[in-house]
Protein chains: 2
Amino acid sequence: MKVVFNESHRQHHPRNFLVSGARHDSPEVPGRADALLAAARDAGHDLMAPVRDFGLAPAAAVHTPEYLQFLQNIYPRWRRIEGASDEVIPNVHPNGCGAGYPDSAVGQAGYHMADTACPISEGTWSAALAAADLAVNAAQLVLDGAPAAYALCRPPGHHAFADMAGGFCFLNNSAIAAQFLRRHLEHVAILDVDLHHGNGTQGIFYERADVLTVSLHADPARFYPFFWGHAGERGAGPGLGFNLNLPLPRGSGDEAFLLALEPAFARIRAFAPAALVVALGLDAHEADPLAGLAVTSDGFTQIGRAIGSLGLPSVLVQEGGYLNDALGRNLTNVLGGFEKARGA
Amino acid sequence: MKVVFNESHRQHHPRNFLVSGARHDSPEVPGRADALLAAARDAGHDLMAPVRDFGLAPAAAVHTPEYLQFLQNIYPRWRRIEGASDEVIPNVHPNGCGAGYPDSAVGQAGYHMADTACPISEGTWSAALAAADLAVNAAQLVLDGAPAAYALCRPPGHHAFADMAGGFCFLNNSAIAAQFLRRHLEHVAILDVDLHHGNGTQGIFYERADVLTVSLHADPARFYPFFWGHAGERGAGPGLGFNLNLPLPRGSGDEAFLLALEPAFARIRAFAPAALVVALGLDAHEADPLAGLAVTSDGFTQIGRAIGSLGLPSVLVQEGGYLNDALGRNLTNVLGGFEKARGA
């Protein structure tokens, strides 16, 4: 499979991760991409640099102008605040209580950042834009006729809303790829198999019927992102019925995951998209440090095979999946299963 | 003046205050109440314990059932989370992006807490409920015929929304007092002279025409609470025109403050309330550590005199005002000015 990749992600290396009020090191480290790249190389995939720089336009088709400006400029503004932390970390949020758009750096951080898992440092913007560009390049390969392409994106994207960062994510790479495909294709589906609900992706397309969003994930009742991902969230307005959430009980393994793929696939087939974007998290694995589900490495082979059996032109976009001994193998397995099903 | 007070506030002693991503000690300490009490005693005011325990009902007339349950129960739930901080500090927020109500402690903390300036410890709920009860007792004294009464509340209240804590505040003491007065009086006005915009109070009454809310404060363009307090926020629905914000440039002194009281008073007189609640912050003072405005101690005498000259039955509720050498004197001055204008 074509694997689009470059080294720009190294500019983003978040240090802070506040969990239940306590500081931890962020697990969203450059080493993740190294492990994935090594696995893709070892498996003999077709590694390539992005062919074109698509610039800001694909991201601007999904995100708001204020938010893009914020991501681009907040770091130097933040550092000018006396006593401010090294990274941009929000501490005051409108929480939707009828708020106006704030002028100040602190206010804008709270407005555009949902949580403390997406600290912004000097290189964050460049890295996030480069990750989105990888996803767009993979989409272009598929538009040009490749049956599938995989974008090795870091930072991930699926928790980023049109107007808000969250959960290690800044630009929604999967949503940007889907919207880019939409320029040429009438219907596009996104299947999110990351451990966590794709809340940003859901939010971006919630009122649209042209992009179907389907997410399998650990039940948000007791898991990030807490506020989104319940089965009752079905889309709104023209998008009603075009969002499908399939929450799984914490600790679910292969059987439950593969079983939940069935209604996901039924919905995707009924929608008859011209292409599929797979938000490919690998953190549903039993050894992932975020410890939400218990999919095995063999399970990832089966997941890949099942997705491949849909027979759709597919853009696979890397989402979560954190350092553990099986991370590279799980990528190899899911890509291998996919290609086997496609007869590649 | 009758001063209602007790020692219950000591159960709440917040330790954490995250500002621009960095940890500071909270300035909202029990010593604030000690300084205010000593000043009230020295000035010969009529100190008294609350006469009655009004229980939960007055708070429940302003806040949501889920929020009250959260405040009451979150601490032990939080402490059961492995590795959680000593105090409840939120780290993930819905920020209004179409969120459902979360089940988990971490989710509910983000849902019900706007920022990191309102950590919840074991005694927070008792202290907050006791503070609200002081405000209700002061309101009862005024309903019983006292020209004015002062509730020495801690923690403060005016940043607390119906459903959300923020900025050192949990229960909105001023709003609870106003709503309690409304059981007997048709129109009640709230005048907020705290350094910060009374965003919670505004939020609670934003769509109501029976409680006029007026706030003077440092311009939120570069000051907490950032998202609220602009002049354009005028109320909504039936409440349109019943919210008045008078933001002042950072560093404004006596002259600007007293000048802004004129349109405030004109609006209050036109509303013809049967009683006034004064959200009495003292942090607009030039020596206050939160450093937003530059009102002098003499300025507080004039502010008190001006408010007294309205001639309305008045419930004065302590809001902000942080430890500095002038804190007690500023209370003495504002109460003294008020009583002088009333001919007491």
Side-chain angles (χ1 to χ4, degrees), chain A residues 16 18-22 24 78 81-117 119 161 163-164 166-167 199-200 202-203 206 220-230 232-233 236, chain B residues 16 18-22 24 78 81-117 119 161 163-164 166-167 199-200 202-203 206 220-230 232-233 236:
Chain A
N16 288 285
L18 299 182
V19 182
S20 309
H24 295 258
W78 184 265
I81 301 171
E82 199 186 321
S85 52
D86 285 351
E87 299 179 322
V88 181
I89 304 170
N91 57 260
V92 51
H93 300 268
N95 260 2
C97 287
Y101 188 70
D103 294 314
S104 73
V106 172
Q108 288 180 9
Y111 193 95
H112 287 303
M113 300 168 83
D115 55 53
T116 49
F161 285 74
D163 206 30
M164 185 166 75
N199 55 329
Q202 167 175 305
Y206 206 62
R222 311 214 155 263
F223 208 67
Y224 189 90
F226 304 108
F227 313 112
W228 304 274
H230 306 92
E233 298 158 20
Chain B
N16 287 285
L18 299 183
V19 182
S20 308
H24 295 260
W78 184 264
I81 302 170
E82 199 185 322
S85 53
D86 285 349
E87 299 179 322
V88 181
I89 304 170
N91 58 260
V92 50
H93 300 267
N95 261 2
C97 287
Y101 188 71
D103 295 314
S104 73
V106 171
Q108 289 180 8
Y111 193 95
H112 287 304
M113 301 169 82
D115 55 52
T116 50
F161 285 73
D163 207 31
M164 184 167 76
N199 55 330
Q202 167 176 305
Y206 206 61
R222 311 215 155 263
F223 208 67
Y224 189 91
F226 304 110
F227 313 113
W228 304 274
H230 305 93
E233 299 160 18

Shortest non-hydrogen contact from [X] to [Y]?
X: N91(B); Y: S20(A); answer: OD1-N, 2.9 Å
X: G83(B); Y: A22(A); answer: O-CB, 3.5 Å
X: C97(A); Y: F161(B); answer: CB-CE2, 3.7 Å

Check your understanding: Hey, what do you get for CG (L18(B)) to OG (S85(A)), rounding to the nearest 0.5 Å?
Key -> 9.5 Å
With chain B, which of [options] has the greatest number of heavy-atom pairs at distances under 4.5 Å?
options: G96(A), A114(A), G107(A), P94(A); result: P94(A)
options: G110(A), P220(A), A105(A), G167(A); result: G110(A)
options: Y206(A), W78(A), F223(A), F226(A); result: F226(A)

Check your understanding: What class does the angle between the rings of H93(A) and H93(B) fall in, given that below 30° is parallel, 30 to 60° is tilted and above 60° is perpendicular?
Key -> parallel
Point to revise | Choice from D86(B), N16(B), N95(B), I89(B) maximising heavy atom contacts with chain A below 4.5 Å | key: N95(B)
Point to revise | chain A interface, residue from A84(B), P102(B), A221(B) that has the most non-hydrogen pairs under 4.5 Å | key: A221(B)
Practice item. Please flag which part of Y111(A) lies under 4.5 Å from any non-hydrogen atom of chain B: side chain, backbone, both or neither. Key: both
Check your understanding: What part of V19(A) lies closer than 4.5 angstrom to a heavy atom of chain B: side chain, backbone, both or neither?
Key -> backbone
Review point. Under the side-chain contact (heavy atoms from CB on, under 4.5 Å) criterion, do Y224(A) and V106(B) qualify, and how do the steps go?
Key: CA-CA 9 Å; Y224(A) 189 90; V106(B) 171; over 6 Å; no
